[in-house]
Amino acid sequence: MAGTTPQPTSRTRSWWGWGWTDAHPDDAECAAMGALLPGTLSRPLPVPRVGDLGIAGPAAEPPRSLAHLVSADPGDRAAHAMGKAYRDVVRALRGRPGRIPDLVARPTGDRDVADLLDWAGERQVAVVPYGGGSSVSGGVEYRGDAHGAVMSLDLTTMGRVLEVDTECRAARIQAGTLGPSLEDQLRPHGLTLRHFPQSFEFSTLGGWLATRAGGHYATGRTHIDDFVQSLRVVTPAGTSSSWRLPASGAGPSPDRLFLGSEGALGVITEAWVRLQERPRHKASAAVAFTDFQDALRAVRALAQSDLSPANCRLLDSGEAALSGAAHDGSSVLVLGFESADEPVTGRLERAVALARSHGGRYGGADGSGGREESPDGDAAVSAWRSAFLRMPYLRDGLARMGAVAETFETAATWDRIPALIDEVRREVGEAALKATGHPATVNCRLTHVYPDGAAPYFTVLAAGRPGDELAVWDDLKAVASEVLHRHRATITHHHAVGRDHRPGYDRQRPEPFALALRAAKGALDPRGILNPGVLVD
């Protein structure tokens, strides 16, 4: 049974920054945020306009048979020039967005994708697959000059749930389906994919698959990989369509080849994904800790228990203050449970008791009280959730004030976590002080936890050097990457490699694997047109 056709929204996406244009902080809010950081501008940079970019005409023209799929509108092209990283926002604000694609193509099915790739291969036009454009690692832009023209391949016109198999709890979904539309089309069936990255509103199933995205849930199925039954991928060498199976031990997985490939090996057009019943029971709570090391031990114990919380986010004192979850110097553990068939209050109570046994405080000063069964939990949980959704917009506001507002994440085993967090805080803070002359804030939270390790997520707020913000960003990125490498922590847990993380990825992967990946690239994309510079050269 197919889903309904998604309906368009009347709101306008920002071409240069995060999300909706009507949700951006205004000039007064930007100035108020900037006043909290030394060394920022006295007034915000103006919101950039496409008309000021001086976009030249396209360097290529599609054949008449494909013209109906392709746009050369300057605004359309500018909106597809970059992702939504801090680096991208600053370049747009400074009027230096980089190489703007010559064309934006919107295929409606596999045949269109294949025809567009054939034409691009014949003309040596670089093709950058594009979902919702929420990349924060340079994954949807073209860098360099090896190709005479660049085409952004926007998959969002392929946005339908094509089949729903209620017996197997699975669905066949087109790759261009945006998160809200995907869930809207599954809702009549009482099912959900249950994959909610922070970019959920502005990212697609195909983007999640191509970047091995991590969702909001902290334990269990955390990455999109865990939901995949099969993939359909159009490559210049032909179409790959894997069998739909619950599991298989038949050699290396064909799906694993394309998961995380970031459009460098082929264009993911469809996927069969595993679904779940929609949860009907939810409970949440926040537990405070005076000592961050005690909190780490509590989270490790929770991850190694059989409780499987849906949310298990540990905010250090700085992150807790920034989100409004605590203002007394405490670290805060945000816990959440959900179920489709039974109340979860008992599991929440067990988790809170475990956290308290490691020094956590729940409720009032005596550790009692608090609402355990409610959609939003207590005030700290609600404050954190609101800040979580609002933070990308505030980052853009700080960028307009010349500040550096960067985030990055990693994952490591528990034995490395404490020293890793300490050294990132110290060394990135020292690098920011050296680069700007002002102290920086370096906060940490754990976003995902596993029995054998965790994913620390860092937020850096620093004064910039107005007009030279990207040089500061480069310095901080290099220092952070070096600390991660030293601790054998991954260069990215769920933000993909793109181009910004490429140096760290090259150091992380084994050379025999790199050799095999280059061979796969050469076999599937012999003319080298697919997202050049991503993963391999």
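Computed from a prediction, not measured in an experiment: that's the story for all the values here. Excluded from the calculations below are hydrogen atoms, water molecules and symmetry mates; all remaining heavy atoms, backbone and side chain alike, are included.
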Trainee: State plainly whether the residues Asp525 and Lys521 are in salt-bridge range, i.e. N to O under 4.0 Å.
Mentor: yes
Trainee: Hey, could you give me each pair passing side-chain hydrogen bond (donor to acceptor under 3.5 Å, both in side chains) that has a residue in residues 115-136? Not counting sequence neighbours.
Mentor: Arg111-Asp115
Trainee: Using a strict 4.0 Å threshold on nitrogen-to-oxygen distance, state whether Arg13 and Asp22 make a salt bridge.
Mentor: no
Trainee: Are His495 and Phe408 close enough that their ring centers fall under 6.0 Å?
Mentor: no
Trainee: Closer than 4.0 angstrom, basic N to acidic O: yes or no for Arg278 and Glu183?
Mentor: yes
Trainee: Checking Arg499 now: which residues fulfil side-chain hydrogen bond (donor to acceptor under 3.5 Å, both in side chains) with it, not counting sequence neighbours?
Mentor: Asn531
Trainee: If you measure from the Lys or Arg side-chain nitrogens to the Asp or Glu carboxylate oxygens, is any gap between Asp165 and Arg274 under 4.0 Å?
Mentor: no
Trainee: Under the side-chain hydrogen bond (donor to acceptor under 3.5 Å, both in side chains) rule, collect the residues that match up with Arg194, sequence neighbours excluded.
Mentor: Glu338
Trainee: Aromatic contact between Trp16 and His24, with the criterion being ring centroids under 6.0 Å apart: yes or no?
Mentor: yes
Trainee: Could you tell me which residues satisfy salt bridge (Lys or Arg N to Asp or Glu O under 4.0 Å) with Glu406, sequence neighbours excluded, listed by chain and number?
Mentor: Lys477
Trainee: Not counting sequence neighbours, which residues clear side-chain hydrogen bond (donor to acceptor under 3.5 Å, both in side chains) with Thr269? List them please.
Mentor: Asp110
Trainee: Would you check if the distance from the ring center of His493 to the ring center of His223 is below 6.0 Å?
Mentor: yes
Trainee: With the threshold set at 4.0 Å, does a side-chain nitrogen-carboxylate oxygen contact exist between Asp73 and Arg77?
Mentor: no
Trainee: Is Glu349 paired with Arg347 through a side-chain N to carboxylate O contact shorter than 4.0 Å?
Mentor: no
Trainee: Indicate, with yes or no, if the rings of Phe202 and Trp20 have centres closer together than 6.0 Å.
Mentor: yes
Trainee: Which residue pairs satisfy the salt bridge (Lys or Arg N to Asp or Glu O under 4.0 Å) criterion with at least one member in residues 199-219, sequence neighbours excluded?
Mentor: Arg212-Asp225
